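Report on the structure given below.
Owing to the predicted nature of the structure, the values given are computational and were not obtained by experimental measurement.
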Amino acid sequence: MEACTINTVKRGYVEAGGRLVHYRACGSGPPIVLLHDSPRSSRLHLPLMKVLASRFCVYALDTPGYGNSDPLDMAEPTIPDFAHALGEALAALGLEQAPLYATHTSAKIALALAVRGGKMPLLVLDGLSIPDQLAPNTFIESYMRPFLPEATGAWLGAEWSRTRDMLRWFPWFATAPQNRIAMDPPNAEWMEDYGIDLFSAGPNYADAYTAAMRWTPLDDLRAVKVPTVVGARTDDVLYPHLDKVPCAENQALSVHRLGPDRDAWAQWIGGAMVAPAPQMSTPAPLPSSRTRRGYLPLDHGQLHWECYPAQITTNAPAIMVLSAPSTLEAHQWATALCAHRKVIVPDLPGFGDSDALPTASADALADALTALIGRLEDDACDVLAIGMAAPIAAQMAARRKGLVRALAIWGAPTFDPPALDALCPAIAFDAQAGSHLHRFWHMLRDGAVQWPWFDASPPAARPAPALPDAAALHRALTGMLKQRTHYAQGIATALAAHEPGTWQAVGVPTLVAVGPDPAMAGAAALLDLLPRGTAFIAPPELDHAAQALASALQKAGTGAFGEVIGS
């Protein structure tokens with residue numbers, strides 16, 4: 001991992017047990033590890049990490065199925081299953097001997113690991129559930145109501161109501177006065193982060209949650225030999241459980257009771273995590289050929305990407321697929337194109353897990369994307385740009401000819417496109433009704449069937465064979481939520497680059513899709529400007545289009561280039 005400063009949090013992946021585990025890291029000093037509750041992710045610990053970074057090298061891990069970590073490949077994982085996965089992740093990161101801080105769900109996971117071969121020198125468990133009896137299945141089924149996206153977006157209202165109610169009542173579905181949680185309401189920033197984590201976990205959100213409800217830690221508390229501090233704040237629903245910690249039965253245990261003050265709580269954690277500096281090993285970086293997701297470090301932050309390996313053996317170069325403002329269409333195309341080629345889908349800066357650029361600079365964005373090609377590929381690759389992302393691809397080819405072999409433009413914008421505030425309106429976070437969820441969802445959904453997305457008139461109808469499925473829309477929505485205030489940056493950058501001179505400077509072979517789709521209205525103008533442009537007759541079905549486009553790009557890149565290609 002690159003060195004981090006107190007104000008810089010780096011993100012990364014490590015492979016453990018055949019899964020990718022996502023983590024955040026910052027600071028310098030002896031290493032410590034932070035684990036989160038459910039349905040949160042390492043995002044929960046960002047404020048705490050910055051407090052502790054002056055004393056420690058702080059790592060915060062995403063539990064399997066939460067944040068960006070792959071889920072466990074089993075139907076009903078148990079706490080020992082999560083503990084085993086945690087042990088694999090710590091070993092892969094060289095952190096087996098680092099002190100662990102864990103809260104709520106992860107407190108049971110960390111404790112289970114300590115009893116089952118964990119090598120940590122210290123455990124700090126913040127909010128440990130010690131029920132008198134395990135919850136019945138009827139309670140668990142009510143509490144863990146399935147997270148089920150559906151295409152109309154009607155489910156969003158129910159999910160946001162659940163999000164709010166989980167912060168007011170325990171259990172959240174029992175809204176009687178006696179079940180009200182005795183804590184001040186969280187601020188809007190915390191609420192927004194909680195919602196991001198809930199939607200990031202999605203259908204996996206109940207996995208560790210359910211495992212924790214079905215597990216009592218008493219046997220592990222009696223058996224643990226690692227020094228273990230169990231604490232809680234008075235405003236934590238688990239504060240009364242401190243009375244159940246069997247300190248009299250195990251000298252390794254101690255209890256710490258805290259008031260509601262968050263600053264004092266953070267200082268307590270920093271003081272409690274002091275332990276002898278562990279011996280650390282440095283994890284070897286994964287070869288690019290094995291990595292499915294990753295980050296490219298840049299001057300301003302990090303660029304996140306995902307790779308789809310080719311399903312066949314081929315010598316053809318990879319295809320980078322760009323779409324904006326979300327990756328909805330890029331991932332749809334990648335799913336089809338990987339039957340023929342390796343595919344790379346980056347999150348453009350300001351979307352998903354890629355940091356926003358300091359300013360919307362077309363040159364900086366083009367350089368970042370071509371740097372990603374240079375990082376992942378031995379040679380130049382082809383680029384498919386969809387809709388408003390097209391000028392970004394043109395800028396890439398114009399500035400870095402050696403890294404872009406051929407272009408394909410699917411949905412060429414006109415030179416009088418809609419204004420930025422129409423394409424990407426400012427959307428405020430709505431802590432009460434969750435209207436931001438609905439606005440993003442319907443923007444994504446409408447964009448698949450009409451262009452521009454806000455135009456419902458008959459001439460704007462796109463010949464889309466079907467709406468995106470709910471899972472694809474949910475994924476794109478989550479990317480929008482992660483960068484709500486920056487999601488327009490990709491479009492803003494593209495608009496700034498969309499000038500005739502940019503296209504005239506593209507020296508690589510370029511296929512421009514033509515067809516009845518109103519998103520392709522600018523195709524003729526681009527073909528007039530491109531020095532090596534060729535019309536590509538767009539097949540209506542995505543699988544057919546992907547097969548034809550992969551073949552056409554290979555021909556274009558190798559010089560077998562005609563005037564019109566397609567069905």
side-chain hydrogen bond (donor to acceptor under 3.5 Å, both in side chains) against Arg162, all qualifying residues, sequence neighbours excluded: Glu159, Tyr205
Trp333: which residues meet the side-chain hydrogen bond (donor to acceptor under 3.5 Å, both in side chains) condition with it, sequence neighbours left out? none
Quick one: do the [X] and [Y] side chains pair a donor with an acceptor below 3.5 Å?
{"X": "His340", "Y": "Thr314", "value": "no"}
{"X": "Gln311", "Y": "Arg341", "value": "no"}
{"X": "His45", "Y": "Tyr59", "value": "no"}
{"X": "Trp503", "Y": "His498", "value": "yes"}
{"X": "His331", "Y": "Arg475", "value": "yes"}

Is Arg40 close enough and on-axis enough to Trp190, meaning under 6.0 Å and within 45°, for cation-pi? yes
Side chain His300, main chain Asp355, donor-acceptor under 3.5 Å: yes
Do side-chain atoms of Glu150 reach the backbone of Trp155 as a donor and acceptor pair under 3.5 angstrom? yes
Check whether any side-chain heavy atom of Leu481 sits under 4.5 Å from a side-chain heavy atom of His436, and report yes or no. yes
May I ask you to test the Ile344-Ile319 pair for a side-chain heavy-atom distance under 4.5 Å? no
Kindly determine whether Ser361 and Asp363 satisfy side-chain hydrogen bond (donor to acceptor under 3.5 Å, both in side chains), including the steps that lead there. CA-CA 5 Å; Ser361 163; Asp363 288 349; 5.3 Å; no
Do the side chains of Arg293 and Glu15 get close enough for a salt bridge, i.e. N-O under 4.0 angstrom? no
Identify whether the distance between the nearest side-chain nitrogen and carboxylate oxygen of Asp70 and Arg292 falls below 4.0 Å. yes
